[in-house]
Trainee: 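Below you will find the structure I want to go over with you.
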Amino acid sequence: MESLPAGTPMHAKSNVPGDELLADLNPAQREATSAPAGPLLILAGAGSGKTRVLTRRIAWLIRRQGVPAQRILAVTFTNRAAGEMRERVESLLGQSVRGLWIGTFHAICLRWLKRHAPAAGYGPQLSVCDAEDQLSLLRRLLKEEGFDHSPRRARELQAIISRAKNRSQTAEQFQEAARSPAQMLAGRLYRAYQDALRRQSAADFDDLLLETHRLFSGHPEIADAYARQFEHVLVDEYQDTNHVQFLLVERLARVHGNILVVGDDDQSIYGWRGAEVRNILDFREHFPQATIFYLEQNYRSTRPILEFANAAIAVNAGRYAKQLWTERPGGGLPEFFLAADEDEEAEEVAARAVAARERGGRRYRDLAVFYRTHAQSRALEDAFLRRGIPYVIVGGIYFYARREVKDLLSYLRVLVNPRDETSLRRALTVPRRGIGERTLEALLAEIREQDADALEWIRARAPEGVPARARAALAAFGEMMAALRARLAEPPERILSEVVAATGYREYLREQGGDWEERLANVEELLESARLFTSRDEGGVAEYLDQVSLMTSGDALDARADAVTLMTAHNAKGLEFPQVFVTGLEEGLFPHASALEDREELEEERRLFYVACTRAKDELTLSASQIRRRFSSGAGGVSRFLGEVPRGLFRDVSAASLAAPVSSVHRPGRTGRERGAGPGRVGEEDSSAAQDWPAHARDEADHPWVGRRVYHPRFGHGLVTAVEGRGAQARITVRFHGGQTRKVLREYLEWEP
DNA sequence: TAGCCCAAAATTTTT
DNA sequence: TTTTGGGCTA
């Protein structure tokens, strides 16, 4: 004791700051969390607590190592994950960590590009264009050059460009490397596309990464400043990073060398998007000093579920061999059932959901249903609607990609960035105001030629030879936008509602007819989102647009509602649920048809299946259909993924489940239908389906939702009085407290007990 | 210039 | 089955 240097604390070990952060970790987690600085690779199997380690590590660095929060950069895969991680770190430390840099690669890169806009070659404002904007721009370019400008062709081109960008290949480099005439053509269009974006001071998603990389290469002093700032760089889901992301990470870690990455090669499911599993497999070659930690204890799933998943993924070659294990006892075997068709499959899932709640003591929010493609949600939604089971769809058509939403946002985009031609085109022509194609093209050509501020130009003069009607319309547009621009410093919500009013957008929708009520509801929701943004005081119109552009499907996941979650297997990554259904396990669907020819792609499908199964904590149900109504082909038989797993690891309950009526709404007489109905039989299927259903089942008055209590974020509490339509697009009439009756979209309602 | 009508394509996964 | 785009007409 005497030999202790003066000043060494004598108190118990738990009093050393930071020790409490390690207390409830297992040895491997503890070592990783408290590892000395340097390159660290954490190979974390599914459910092994990787998020836990990541958040503890950040808290450890701050508390134990005294690293200032602003010197830590943490990169996640989704905005939602970023938000959760920040929250967890704050609750661990019991303090706000405002300076901590945490976000997706895309969000962080956008921030940097805007900060260094001149160096990066952008104007003072930067527009982020989504997939739809990309396609319409590409189609316009194809058309101008006199090529086939079908959507299909544009999509091909988009994929080529995206792949090139993910490999960090610029248009010039692509052109140089081009060999075949087809490649040379693609290179030319890539270049034209890039020039157009540049002119508009716009970037697509891939540009956010690639242009940041180029900014760093072209301006080493900027890159060095960040590399010095970030003493520690942490990257989640490293197996899904692409080459450009690797380059960015490597550059940022160059000064301090403290790079920590977490991932699982078995969960790499974004190869199609340019992700390179090699990044994680070769980590030690990139960072020879790297220490590797293995997290193999699974805390999530019961043993039968884990054994099933382990067996499924074991088929893949070219993986880090690892064996996940669990101490969680017992639990039932995963069950599999084969349904006659997709409707029966959905019915069975719905029936099991009801049973889980009524007899299994689960809440609806404990359940999740996964599928390979969005299109599969349809049958499930129908089945859930019939039984009045509340559900939430994650993904699908993004709210912010809806026409009415994009229409209105295009005005804001133009106000913020007048060079954004894509948005200007939209704003000028929707709603229709007497400006046709000729006027539009003449106008845009002039603006381009004069390099003028679009809004100023429009206000000042109309192009030559334009009809009086269009001339007046342009002048009115110019005045309107000038008035709005003068108020741009006001909160986004105010500007947005001004746009709605000034354009007469509500009236326009009503005139359009069709599903105008739905669209109107979306407009109200958009205003609500802007109001929320304003109330959180997160910035002005430009910041609002940034947030909206990078917003993704999962981010809106609302934990308050007690509803079953429906989503694609891709969206399921990083989540967990007590009870999970993996549906549509058929050859050609899961694995998807596009992957059947290629071993690599097939392995990725298998990893996707593995990801889906390992989301389950207590119960896993797998299903397939004998017949699936699709445009091209039917179902291709039960997925090989099931055949590859030893029979003893799951239970086939097809016969039992199909023989017994699930409930009064179970559709009878569909079991014995033979497989492989020809294409001409589809119509018959439908008519027989209609006969099976009593007419009143479709009658809105008889709908199970009628009379239920609901909550709407804007209008408050109310009672359902009628339901029209089905699925996410169902319009529900609600009498709200206070007496007013409104039609609202189902997806914005929450169910109350 | 804009709205209506018909034909044809659509479905892989997302930041 | 639904959605989207192109062509035709007022």
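Each chain gets a letter, A, B and so on, in the order the sequences are listed, and its residues count up from 1.
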Trainee: In whole angstroms, how far is the P atom of B:dG3 from the CZ atom of A:Arg432?
Mentor: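 Computing the A:Arg432:CZ to B:dG3:P distance gives 7 Å.
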
Trainee: Is any side-chain N or O of A:Asn571 closer than 4.0 Å to OP1 or OP2 of B:dT13?
Mentor: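 Checking B:dT13 against A:Asn571, no side-chain N or O comes under 4.0 Å of OP1 or OP2.
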
Trainee: What's the gap between B:dT13 and C:dT4 when it is taken at their P atoms, as a whole Å value?
Mentor: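 It works out to 15 Å between them.
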
Trainee: Which value, rounded to the nearest 0.5 Å, describes the distance between A:Tyr238 atom OH and A:Ser268 atom OG?
Mentor: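 If we round to the nearest 0.5 Å, A:Tyr238:OH and A:Ser268:OG are 12.5 Å apart.
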
Trainee: Would you tell me if any nitrogen or oxygen in the side chain of A:Arg152 comes within less than 4.0 Å of OP1 or OP2 on C:dT4?
Mentor: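 No, no such contact exists.
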
Trainee: Give the rounded distance in Å between these two atoms: CD1 of A:Ile269 and C1' of B:dT12.
Mentor: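 Whole-Å distance recorded here is 12 Å.
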
Trainee: Stacking here means centres under 5.5 Å and planes under 30°; does A:His106 stack on B:dT15?
Mentor: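 It does not: the ring fails the test against the base of B:dT15.
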
Trainee: Is any side-chain N or O of A:Ser594 under 3.5 Å from a base N or O of B:dT12, one able to act as donor and the other as acceptor?
Mentor: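 Present.
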
Trainee: Would you call A:Arg319-A:Asp266 a salt bridge at under 4.0 Å N-O?
Mentor: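 Answer for the salt bridge query: yes.
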
Trainee: Whole-Å distance between B:dT11 P and A:Trp272 CH2?
Mentor: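 Atom-to-atom, A:Trp272 to B:dT11, this comes out as 14 Å.
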
Trainee: Among C:dG5, B:dT14, B:dT1, which is the nearest nucleotide to the side chain of A:Tyr270?
Mentor: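 Nearest to the side-chain atoms of A:Tyr270, counting from C-beta on, is B:dT14.
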
Trainee: Counting side-chain heavy atoms from C-beta on, which of B:dA10, B:dT15, C:dG6 comes nearest to A:His149?
Mentor: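 Nearest listed nucleotide: C:dG6.
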
Trainee: A:Thr568 side chain N/O closer than 4.0 Å to the phosphate oxygens (OP1, OP2) of B:dT14?
Mentor: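 Yes.
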
Trainee: Figure out the CZ/P separation between A:Arg403 and C:dT4, and round it to whole Å.
Mentor: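 Checked: the CZ to P distance equals 6 Å.
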
Trainee: For the pair made of CG in A:Asn242 and P in B:dT15, what is the distance, rounded to whole Å?
Mentor: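 Rounding to the nearest Å, CG of A:Asn242 and P of B:dT15 are 14 Å apart.
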
Trainee: Does the ring centre of A:Tyr193 sit less than 6.0 Å away from the ring centre of A:Tyr190?
Mentor: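 No.
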
Trainee: C:dG5 phosphate, OP1 or OP2: any side-chain N/O from A:Ser150 under 4.0 angstrom?
Mentor: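 The answer is no; no side-chain N or O of A:Ser150 sits under 4.0 Å from OP1 or OP2.
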
Trainee: Scan every strand shown for a Watson-Crick or G-U wobble partner of B:dT1, both distances under 3.5 Å, and answer none if you come up empty.
Mentor: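 Base partner found: C:dA10.
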
Trainee: Let me know the distance between CZ of A:Arg155 and P of B:dA9, rounded to the nearest Å.
Mentor: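 From A:Arg155 CZ to B:dA9 P: 13 Å.
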
Trainee: Are A:Tyr122 and A:His116, when compared by the centres of their aromatic rings, separated by less than 6.0 Å?
Mentor: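 Not under 6.0 Å, so no.
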
Trainee: Measure the distance from CG on A:Asp207 to C1' on B:dT14 and round it to the nearest whole Å.
Mentor: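 So the CG-C1' distance, A:Asp207 to B:dT14, works out to 16 Å.
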
